[in-house]
Amino acid sequence: MLCPELEQEPVKPGGESEIIGKYDSNRIGMVKKTLTVLSNDTIAGMIVLWSRGYHTPKPAEPTYLAPTEPTPGKH
């Protein structure tokens with residue numbers, strides 16, 4: 001699910017703002033998401049933002065072996 005983060009103050013005419021969209025995915029492969037922005041702008045009241053990408057598997061964690069204690073009496 002896409003969860004946008006918005007600024008709390010309204011954007012004034014001619015002003016700018018930032019929208020950050022985040023989503024969690026457990027899938028591997030191609031991902032396509034959209035975020036629809038609605039406003040009271042009479043010309044562009046609805047804007048659709050598109051995002052697409054490719055999720056790769058998380059790399060395997062390296063396995064580390066702890067050093068062994070020397071056996072007493074052996075050299």
* OG1 on Thr56 to CD1 on Ile28, rounded to 0.5 Å -> 8.0 Å

* To do: Answer yes or no: does atom CE of Met46 have more than 12 heavy-atom neighbours from other residues, nucleotides or ligands under 6.0 Å?
  => no

* Asked: Quick one: OG1 on Thr36 to CG on Leu49, what's the gap to the nearest 0.5 Å?
  -> 8.0 Å

* Heavy-atom pair with the smallest gap, counting every atom of His55 and Val31 -> CD2-CG2, 3.4 Å

* Shortest non-hydrogen contact from Ala44 toward Ser39 -> O-OG, 3.6 Å

* Asked: Taking C-beta and beyond as the side chain, do Leu35 and Lys33 meet within less than 4.5 Å on heavy atoms?
  -> no

